There are 2 protein chains.
Amino acid sequence: MENFKQTSQRLAIIDYLKDNKNHPTVEEIFKSVKDKNPHVSLATVYNTIDMLKKRGIISELTINSTKRRYDPNPNYHHHFICLSCKNVFDIEEKINITLSEELKNSYKIHGYEIDLYGYCNNCKKELSGID
Amino acid sequence: MENFKQTSQRLAIIDYLKDNKNHPTVEEIFKSVKDKNPHVSLATVYNTIDMLKKRGIISELTINSTKRRYDPNPNYHHHFICLSCKNVFDIEEKINITLSEELKNSYKIHGYEIDLYGYCNNCKKELSGID
DNA sequence: TTATTAATTTAGAATAATTCTAAAATGGAA
DNA sequence: TTCCATTTTAGAATTATTCTAAATTAATAA
Ligand SMILES: [Mn+2]
Ligand SMILES: [Mn+2]
Ligand SMILES: [Zn+2]
Ligand SMILES: [Zn+2]
């Protein structure tokens, strides 16, 4: 895979994704990008996502079962999903896990992904009634 | 939610799911159940899955982004996904994780799910060429 | 510059998983 | 048995995603 052509559509999509911490869906990417640059089609969003995925520039999350979410954060990280607002937060901090010898013998383990569930700071406040 | 009607279709689906460790897709459930009991429609598989899900008897996995997989294992557990054969294995063993104080302060964490990735025993062998 | 061309964009069609609908069937209470 | 709320069902509808093939264009070379 060589260098890619710099089209205005691609630059707009890449610009939207840059530093984006929202783990957006294709629909969200399309809406937002089209807003600034109406010369972007849904097909191009799909194509560009595909290209970025293949190059390892973004990764695909399967947290949501109806729509795929995309993650442009290049660092290895885990996620926290708020059970109330459903937002997905990056956990960049390293989380150590302890695996038994038996487990390490049964499988050749290359890596792991952790999803934490609970309530984010905002929803925590709402629940308690305190602000 | 009260007791449910015992129909032959439901019993067949529940029977197939009982102790099933394969995390089957709807398609897999439908094929297998229809085989023994042709009086089962795809719609009923969807309906029954829905009912079992609402009752907490099965849970939905989002490991695969194209098809949902279902898990009748009632114990809290994690998963190992083989990068080669794509099979999903239950890890019933407790995995401890270490979270920083800062993290515990930022979020009200209720639980976590870990997906381990690597090669299962079978695929490990194939890769090494030894059998 | 301008010409060339392979890569990209695009609208719309195709596909595939899931949900919906509304009519027919039936488990289980009375 | 009768009754009826619940369930089943086929097929239609919906939704996300992929495919197609024609039109456009970025990048390269003349
Ligand atoms: Mn992330
Ligand atoms: Mn499982
Ligand atoms: Zn929240
Ligand atoms: Zn394997």
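In what follows, every chain begins at residue 1, and chains take the letters A, B, ... in the order their sequences are listed. Source: prediction; values computed, not measured.
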Heavy-atom protein contacts under 4.0 Å, nucleotides 25-30 of chain D, coded B base, S sugar-phosphate only, - none: BBS---
Summary of protein contacts for nucleotides 9-23 of chain D, nucleotide by nucleotide, where a base hit scores B, a sugar-phosphate-only hit scores S (4.0 Å, heavy atoms): BB-----SBB-----
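With salt bridges taken as basic N to acidic carboxylate O contacts below 4.0 Å, none links A/Glu28 and A/Lys67. B/Lys21 and B/Glu92 are joined by a salt bridge, as a carboxylate oxygen and a charged side-chain nitrogen come within less than 4.0 angstrom of each other. A salt bridge links B/Lys54 with B/Asp50: at least one charged nitrogen is closer than 4.0 Å to a carboxylate oxygen.
Checking the phosphate oxygens (OP1, OP2) of C/dA7, no side-chain nitrogen or oxygen of A/Arg10 falls inside 4.0 Å.
The salt bridge (Lys or Arg N to Asp or Glu O under 4.0 Å) test applied to B/Arg10 returns no partner, not counting sequence neighbours.
Nearest approach of A/Pro24 to A/Tyr16, heavy atoms of both residues: CB-OH, 3.8 Å.
With A/His23 as reference, A/Asp71 is the one residue of A/Asn87, A/Asn73, A/Asp71 to meet the side-chain hydrogen bond (donor to acceptor under 3.5 Å, both in side chains) rule.
Separating the CG atom of B/Leu11 from the P atom of D/dT7 is a distance of 13 Å, rounded to the nearest angstrom. Taking atom CG on B/Leu61 and atom P on C/dA17, their separation rounds to 17 Å, with Å as the unit. Atom CD in B/Glu28 sits roughly 11 Å away from atom P in C/dT18 (whole-Å rounding). Separating the CZ atom of B/Phe30 from the P atom of C/dA17 is a distance of 13 Å, rounded to the nearest angstrom. Separating the CD1 atom of B/Ile14 from the P atom of D/dT8 is a distance of 10 Å, rounded to the nearest angstrom.
Centroid-to-centroid, the aromatic rings of A/Tyr107 and B/Phe89 come within less than 6.0 Å.
Using cut-offs of 30° and 60° for the angle between ring planes, the A/His110 and B/Tyr119 rings count as perpendicular.
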